[in-house]
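Below, read A as the first sequence line, B as the second, and so on, with proteins coming before strands; counting in each chain starts at 1. Note that the coordinates shown come from a computational prediction; the quantities given were computed from them, not determined experimentally. Keep in mind that the numbers below use all heavy atoms, side chains included, and drop hydrogens, waters and symmetry copies.
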Amino acid sequence: MRTSQYLLATQKETPAEAEVISHQLMLRAGMVRKLASGLYTWLPTGLRVLNKVAAIVRDEMNKAGAIEISMPVVQPGDLWVESGRWDDYGPELLRIKDRHNRDFVLGPTHEEVVTSLVKNEISSYKQLPLNLYQIQTKFRDEVRPRFGIMRSREFIMKDAYSFHIDAQSLDQTYQRMHQAYCNVFERIGLSYRPVIADSGSIGGAVSHEFHVLADSGEDDIAYSDASDYAANVELAEAIALGQVRAGSAQLTLVDTPGAKTIQAIATLLKCDVKQTVKTLIVKADETSEHEFVALVLRGDHSLNSIKVEKLALIASPLQMADEAAVKAKLYCGFGSLGPVGLSIPVIVDRSAETVADFICGANTEAQHFTGANWQRDVKTYVVEDIRDVVAGDPSPDGNGTLAITKGIEVGHIFQLGDKYSKAMNCGVLTETGKHDLLQMGCYGIGVTRIVAAAIEQHNDKFGIIWPQSIAPFSVVIIPMNMHKSALVKEVAEKLYKDLCDVGVDVLFDDRKERPGVMFNDMELIGIPYSVVIGERNLDNQQIEIKNRKSGEKTLLEVDNLLEYIKNLG
RNA sequence: CGGUGAGUGGCGCAGCUUGGUAGCGCACCUGGUUUGGGUCCAGGGGGUCGUAGGUUCGAAUCCUAUCUCACCGACCA
């Protein structure tokens with residue numbers, strides 16, 4: 001491709017709206033343009049990258065035994081009513097009507113369509129397992145699209161759906177897809193981590209997310225420094241810090257005027273915050289005889305709302321009690337609450353239970369207890385895991401300690417079980433001739449999001465640094481002063497033709513621009529190698545090739561160049 | 001949905017308080033100059049000032065309504 005016949009579309013200035021680096025660079029490098037909130041046009045350079053990512057994903061899917069299909073973007077609303085998601089999915093599901101006033105949706109995902117397909121096409125266990133996938137545009141009407149391509153409303157996703165006669169078969173395919181996902185991210189050249197993801201709401205189901213590690217990620221990932229354990233902080237298990245032990249101190253009431261926060265108490269009583277516990281009051285579940293439940297955490301820990309919501313006693317979604325209601329019920333405000341002598345159910349975090357002789361509110365304004373102990377001073381309570389893990393916690397698998405990093409979710413795999421096959425009655429005849437519902441798995445990769453995530457991970461002050469695997473071009477020819485030098489032009493043209501002939505993705509910058517302009521544009525776009533052709537080196541029969549990532553320049557004989565480029569990674 | 005801020009040429013912005021012929025930088029076009037890291041000079045084209053209504057002799061500027069966008073939060077995966 002010649003730049004003179006291409007839509008390069010680079011920009012010097014960053015549009016004001018671009019917040020994250022990938023968004024800024026994608027706009028400046030001429031990869032995408034915004035059409036409306038969360039909607040982007042992909043320009044030639046961006047599309048080249050997108051297509052390369054898609055090709056790798058497709059290849060790994062095929063290798064893993066998945067079969068490609070293509071389903072409609074527009075789906076009948078009836079299917080969503082059937083699965084129950086017409087009501088459950090909420091406003092993120094964009095609903096439209098056709099000319100006959102029938103309901104349709106723009107597909108945010110395709111469980112309904114694919115289940116409907118398989119229900120009609122598959123009738124025998126002999127046809128299983130089956131794994132179908134597509135690479136296709138999805139639409140989710142996000143409340144707040146942001147970070148450019150990272151969280152847009154329209155995006156491209158690879159979604160696969162597998163169908164099985166039993167859980168064992170599902171698990172086999174699940175493991176195969178897990179491996180295929182690892183292969184994809186390794187081939188692209190991203191630093192990533194598979195993490196344990198939410199599995200609670202569908203009961204017994206298994207789920208993993210794949211995260212590209214980057215500081216701008218929206219998720220916190222906890223991982224072990226000594227094993228493969230990694231989980232989203234939302235659900236990483238927090239194990240007890242130390243043993244439960246009996247204390248020796250006397251339960252003592254102390255005055256703590258004005259001290260309403262844990263920090264203030266610790267300062268006032270000159271103790272470690274780890275010696276305190278804090279008590280939070282939340283709404284109880286409707287089925288409970290109580291209105292409120294008390295949650296007790298060690299002073300320095302924070303509540304994990306996802307874990308708490310899963311407890312039967314607690315209302316879901318989680319609702320914190322308001323202070324006026326707490327005062328009416330318990331006769332004191334937030335700052336002086338404690339588990340001793342409380343008239344509502346008490347749930348204690350595992351690590352809070354290990355604190356002996358602790359300090360807590362006395363349920364009287366401006367007073368606290370010191371030397372409090374479980375069992376002795378608080379008779380009835382339940383111990384649960386209700387806090388967020390923090391860096392330095394022991395890993396739940398018993399190996400090493402946890403560290404926390406930011407991640408961008410680029411893949412999510414899930415053992416669905418029979419959720420959809422049951423709702424839509426999708427089954428087959430088994431070996432014994434009886435009708436059985438299918439077990440399903442679903443597996444998503446955000447193809448467009450990978451492009452943005454790759455940039456978040458690979459950039460410098462000059463622009464993007466593409467891994468060779470997904471670079472829009474493998475190499476760019478930058479001629480110096482070609483419009484004056486017949487020799488430069490001749491060498492550049494010949495090299496361009498030779499590279500095209502051997503199938504290298506080459507860009508030839510034949511614009512009548514100053515060298516600096518060309519260098520800057522090509523570094524911004526992030527092409528892995530630049531071949532600089534100038535009279536200065538041609539006089540010695542040499543050509544310079546520069547590595548975008550390392551900045552390293554190599555001088556080569558003109559005659560050896562073609563071979564050298566063909567052998568580049 | 002709540003809070004905050006912004007809509008002026010393709011992009012980045014000034015002008016608005018105090019109403020009076022719409023400006024700057026980048027980009028673009030022409031000519032010259034320069035040519036191994038975003039040259040310099042001269043000339044030029046392009047804007048219903050988000051939209052609608054109002055006040056006024058006169059509105060980018062004041063008033064009202066409305067739309068859009070961004071950021072923070074909530075929500076979602």
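- Using atom C1' as the reference point in both B:G25 and B:G9, the two lie 13 Å apart (nearest Å).
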Subject >> Per-nucleotide protein contact string for nucleotides 72-77 of chain B, where B marks a base within reach and S marks sugar-phosphate only (heavy atoms under 4.0 Å, - for neither) >> reply: B-BBBB

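- Spacing between B:G19 and B:U55 at atom C1', rounded to whole Å, works out to 11 Å.
- Taking only side-chain nitrogens and oxygens, A:Arg514 comes nearer than 4.0 Å to OP1 or OP2 of B:U39.
- Heavy atoms of A:Lys546 sit under 4.0 angstrom from at least one base atom.
- When each of A:Glu17 and A:Gly516 is assigned the nucleotide of RNA chain B with its nearest heavy atom, A:Gly516 is the one assigned upstream, toward the 5' end.
- A cation-pi arrangement, defined by a distance under 6.0 Å to the six-membered ring centre and an angle within 45 degrees of its axis, is present between A:Arg95 and A:Trp86.
- The phosphate of B:C11 has neither OP1 nor OP2 within less than 4.0 Å of any side-chain N or O from A:Thr14.
- B:A60 and B:C49: their P atoms are spaced 6 Å apart (whole Å).
- For B:A6 and B:C13, the P atoms lie 12 Å apart once the distance is rounded to whole Å.
- Dashed line: the shortest gap from a side-chain N or O of A:Lys12 to OP1 or OP2 of B:A27 is under 4.0 Å.
- Nearest-nucleotide mapping onto RNA chain B: of A:Arg153 and A:Phe519, the residue sitting toward the 5' end is A:Phe519.
- Counting distance only, with no hydrogens placed and no angle test, the side-chain atoms of A:Glu544 and the base atoms of B:G36 include a donor-acceptor pair under 3.5 Å.
- With no hydrogens or angles considered, a side-chain donor-acceptor pair links A:His211 and A:Glu209 at under 3.5 Å.
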